[in-house]
Visitor: 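This is the structure, below, for whatever I ask next.
Treat the numbers as computed from the prediction; the structure is a model and nothing was measured. A, B, ... follow the sequence lines: proteins, then strands. Residue 1 opens every chain. These values consider heavy atoms only, across backbone and side chains, with no hydrogens, waters or symmetry-generated copies.
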Number of protein chains: 2
Amino acid sequence: MTNSQSIENYLKVIFNQAIATDDVNTTSIAQALEVSLPSVNSMVKKLAGMGLLEYEKYKPLKITAKGRKMAAMIIRKHRLTEMYLVEKMGFGWEEVHEIAEQLEHIQSVAFFDRMDEILGFPERDPHGSPIPNSSGEFATQKFRLLSDCQPNELVTLKALSKTTDEFLKYLNSKGLALGVEVEILKVEAYDKNMKVAYGGKTEVLSALVCSKLLVS
Amino acid sequence: MTNSQSIENYLKVIFNQAIATDDVNTTSIAQALEVSLPSVNSMVKKLAGMGLLEYEKYKPLKITAKGRKMAAMIIRKHRLTEMYLVEKMGFGWEEVHEIAEQLEHIQSVAFFDRMDEILGFPERDPHGSPIPNSSGEFATQKFRLLSDCQPNELVTLKALSKTTDEFLKYLNSKGLALGVEVEILKVEAYDKNMKVAYGGKTEVLSALVCSKLLVS
DNA sequence: TTAAATAGTTAGATTTGACTAACAAATTTA
DNA sequence: TAAATTTGTTAGTCAAATCTAACTATTTAA
């Protein structure tokens with residue numbers, strides 16, 4: 001095999017970090033994968049040898065076009081799987097990440113293309129993250145953070161940043177789902193708590209929560 | 001991880017051979033997995049250490065109850081996946097083995113239990129092989145080989161033994177599918193070719209083909 | 001602007017699961 | 001039953017992916 005699960009996991013992490021900052025550093029990869037720095041160093045050299053990264057000693061890493069494409073295909077598998085699990089198998093959005101982490105390493109292209117077709121070629125996964133198409137391209141539309149919105153705005157919840165299963169369960173308990181219209185009633189100056197209205201009720205959302213909700 | 005994909009593949013092969021003969025020998029495992037004899041030898045010791053096999057030097061191997069159960073769970077995953085791919089994702093029965101070989105190593109129990117539920121707890125996979133339930137038990141009903149049937153018998157195709165994708169494509173081309181009623185018209189004494197009738201036509205099936213078709 | 005802290009690297013060990021070469025036991029067959 | 005063949009085992013090697021310990025380069029801050 002030319003690409004092991006390990007390689008795929010590194011590539012995915014590197015790709016995700018490259019979206020934010022373009023340059024990627026070794027330490028952040030080590031943290032994301034919960035692996036030692038020397039492990040990252042040796043894998044990085046290997047990936048560079050495969051033409052997936054540009055590597056020079058002590059310089060920040062850069063992902064190549066080839067690396068970006070391969071990473072996009074893995075993320076495609078992950079997000080299609082999440083969508084399939086929610087839409088076609090009845091799982092909750094807080095249950096699917098773990099399962100998709102495993103399924104994303106399945107090699108069969110036909111399997112994922114069939115999922116894609118059955119789902120009607122969705123552009124976003126259940127958490128609002130874009131799903132790369134079979135060429136590796138995906139929607140780049142940027143949403144605003146709810147925490148950057150002002151009182152009296154009426155916005156729609158479109159996606160989540162940095163989710164965890166715990167956060168998703170919290171959102172379930174508050175009746176917050178993608179597509180919900182939220183009106184900002186008040187922003188507390190002191191701690192940036194937001195008083196909002198949606199689904200016929202009012203709630204107070206902490207700054208932490210608001211910084212993870214993407215709206216438009 | 002206490003069970004790697006490698007361990008799972010060994011266990012599956014050993015289990016399948018144990019069905020036929022109870023005793024299992026090292027060489028047949030090596031052939032089935034396309035691996036060297038010393039590789040099998042060292043893995044067998046490891047599996048014995050895990051309580052999945054009984055091993056004594058130069059003696060035939062025996063699978064333990066624990067090993068049998070673990071193997072059944074892997075086979076359950078494989079066969080449920082095949083059934084799901086055919087019934088819910090529109091794949092042909094000749095396409096699903098390869099994909100299921102990969103999916104059978106997914107750890108999530110919920111994923112397979114959900115498949116099982118969606119499929120209505122099927123007892124057999126698309127090739128007629130029994131699917132172990134979530135406790136590891138499965139149908140043991142034995143079918144007859146078509147090659148053991150006599151002229152003038154009317155039988156129903158129930159399952160296949162030793163299938164390959166090529167054989168399945170051959171069956172597709174002949175319009176042979178599970179559930180088809182087959183009447184045996186004549187058995188050629190010399191080469192055991194069978195002249196049979198089904199679906200409003202007659203065909204001549206070779207002894208090789210007849211020895212892979214299970215009927216009742 | 002140098003000392004301290006952080007980030008990255010090298011060397012060498014470990015584990016897993018494979019391999020080849022050499023050998024030993026068991027079985028088959030002449 | 002003795003020789004030949006087949007089957008199983010041991011010893012030692014290798015590659016992948018991890019680790020710790022020790023070291024070097026870069027960045028930050030006193």
Side-chain angles (χ1 to χ4, degrees), chain A residues 1-15 17-18 20-63 67 70-71 74 101-102 104-105 107, chain B residues 1-15 17-18 20-63 67 70-71 74 101-102 104-105 107:
Chain A
M1 296 292 172
T2 119
N3 45 316
S4 66
Q5 291 198 189
S6 194
I7 288 176
E8 294 190 348
N9 286 331
Y10 275 90
L11 210 50
K12 197 175 47 153
V13 161
I14 292 167
F15 179 83
Q17 298 195 356
T21 58
D22 213 48
D23 289 354
V24 178
N25 64 329
T26 307
T27 303
S28 58
I29 301 170
Q31 284 167 352
L33 291 171
E34 295 185 288
V35 129
S36 73
L37 274 169
S39 299
V40 176
N41 186 251
S42 73
M43 181 58 87
V44 150
K45 287 174 179 172
K46 180 175 188 170
L47 297 178
M50 295 170 73
L52 303 171
L53 294 181
E54 285 173 38
Y55 169 72
E56 266 186 286
K57 265 192 190 183
Y58 296 108
K59 296 269 170 67
L61 301 166
K62 301 209 174 191
I63 190 166
M70 189 181 292
I74 301 161
E101 280 292 297
Q102 296 179 44
E104 74 191 3
H105 300 296
Q107 290 306 307
Chain B
M1 295 294 173
T2 118
N3 46 317
S4 66
Q5 292 197 189
S6 196
I7 288 175
E8 295 191 348
N9 286 333
Y10 274 91
L11 210 51
K12 196 174 49 153
V13 162
I14 292 167
F15 179 82
Q17 299 195 357
T21 60
D22 212 48
D23 288 356
V24 178
N25 64 330
T26 306
T27 303
S28 58
I29 301 170
Q31 283 167 354
L33 291 171
E34 296 185 287
V35 130
S36 73
L37 275 168
S39 299
V40 175
N41 187 252
S42 74
M43 182 57 88
V44 150
K45 286 175 178 171
K46 180 174 187 169
L47 296 178
M50 294 169 72
L52 304 171
L53 294 181
E54 285 173 38
Y55 169 72
E56 265 186 287
K57 264 193 192 184
Y58 295 108
K59 296 268 170 69
L61 300 166
K62 301 210 174 192
I63 190 166
M70 191 181 290
I74 300 161
E101 279 293 295
Q102 296 178 44
E104 73 191 5
H105 301 296
Q107 291 306 308

Visitor: Salt bridge check, E54(B) against K59(B): does any charged N sit closer than 4.0 Å to a carboxylate O?
Guide: no

Visitor: Is the shortest side-chain heavy-atom distance between F15(B) and I74(B) below 4.5 Å?
Guide: no

Visitor: If each of P38(A) and N25(B) is mapped to the nucleotide of DNA chain D with the nearest heavy atom, which maps nearer the 5' terminus, i.e. the 5' end?
Guide: N25(B)

Visitor: Measure CD/E8(A) against P/dA16(D) and give the value in whole Å, please.
Guide: 16 Å

Visitor: Applying a 4.0 Å non-hydrogen cut-off, can you work out what V40(B) is touching in the nucleic acid: base, sugar-phosphate, or nothing?
Guide: nothing

Visitor: Is it the case that N9(B) and S6(B) place a side-chain donor and acceptor less than 3.5 Å from each other?
Guide: no

Visitor: For S36(A) and dT20(D), is the shortest distance between a side-chain N/O and OP1 or OP2 below 4.0 Å?
Guide: no

Visitor: What contact category does T26(A) fall into here, base, sugar-phosphate, or nothing, at under 4.0 angstrom with non-hydrogen atoms?
Guide: sugar-phosphate

Visitor: Checking all strands, does S42(B) fall into the base, sugar-phosphate, or nothing category for heavy-atom contacts under 4.0 angstrom?
Guide: nothing

Visitor: NZ of K59(B) versus P of dG8(D): gap in Å, rounded?
Guide: 13 Å

Visitor: Could you give the CD-to-P distance, from Q5(A) to dT18(D), as a whole number of Å?
Guide: 11 Å

Visitor: Quick one: E56(A) CD to dA25(D) P, roughly how many Å, whole number?
Guide: 15 Å

Visitor: Taking the side chain of M43(A) as heavy atoms from C-beta outward, which of dC19(C), dG17(C), dT18(D) is closest to it?
Guide: dT18(D)

Visitor: Go through dA18(C), dT26(D), dA16(D) for me and flag the one nearest to the Y58(A) side chain.
Guide: dT26(D)

Visitor: Closer than 4.0 Å, any side-chain N/O of S4(A) to the OP1 or OP2 of dA16(D)?
Guide: no

Visitor: Write down the distance between OH (Y55(A)) and P (dA7(C)), rounded to a whole number of angstrom.
Guide: 16 Å

Visitor: Has K45(B) got a side-chain N or O lying under 4.0 Å from the OP1 or OP2 atom of dT10(D)?
Guide: yes

Visitor: Looking at E101(A) and K12(A), is any side-chain nitrogen of the basic one under 4.0 Å from a carboxylate oxygen of the acidic one?
Guide: yes

Visitor: Would you say dC19(C) has OP1 or OP2 under 4.0 Å from some side-chain N or O of S39(B)?
Guide: yes

Visitor: Examine dT6(C): is either OP1 or OP2 under 4.0 Å from a nitrogen or oxygen in the side chain of T27(A)? Give yes or no.
Guide: no

Visitor: Looking at the side chain of L37(B), which of dG8(D), dC19(D), dG17(C) is the nearest nucleotide?
Guide: dG8(D)

Visitor: Work out which heavy atom in S39(A) is nearest to a heavy atom in S36(A); give both atom names and the distance.
Guide: OG-OG, 2.9 Å

Visitor: Taking only the side-chain heavy atoms of K57(B) (C-beta and beyond), determine which of dT18(D), dA18(C), dT9(D) contains the nearest atom.
Guide: dT9(D)

Visitor: Side chain of K46(B): nearest nucleotide among dT18(D), dG17(C), dA17(D)?
Guide: dG17(C)

Visitor: Roughly how many Å is it from CG in L61(B) to P in dT7(D), rounded to a whole number?
Guide: 14 Å

Visitor: Nearest whole Å is fine: how far is dA16(D) P from L33(A) CG?
Guide: 19 Å

Visitor: Measure the distance from CG on L53(A) to P on dG8(C) and round it to the nearest whole Å.
Guide: 14 Å

Visitor: Is any side-chain heavy atom of Y55(A) closer than 4.5 Å to one of T26(A)?
Guide: no

Visitor: Taking only the side-chain nitrogens and oxygens of N41(A), find out if one of them lies under 4.0 Å from OP1 or OP2 of dG8(C).
Guide: no

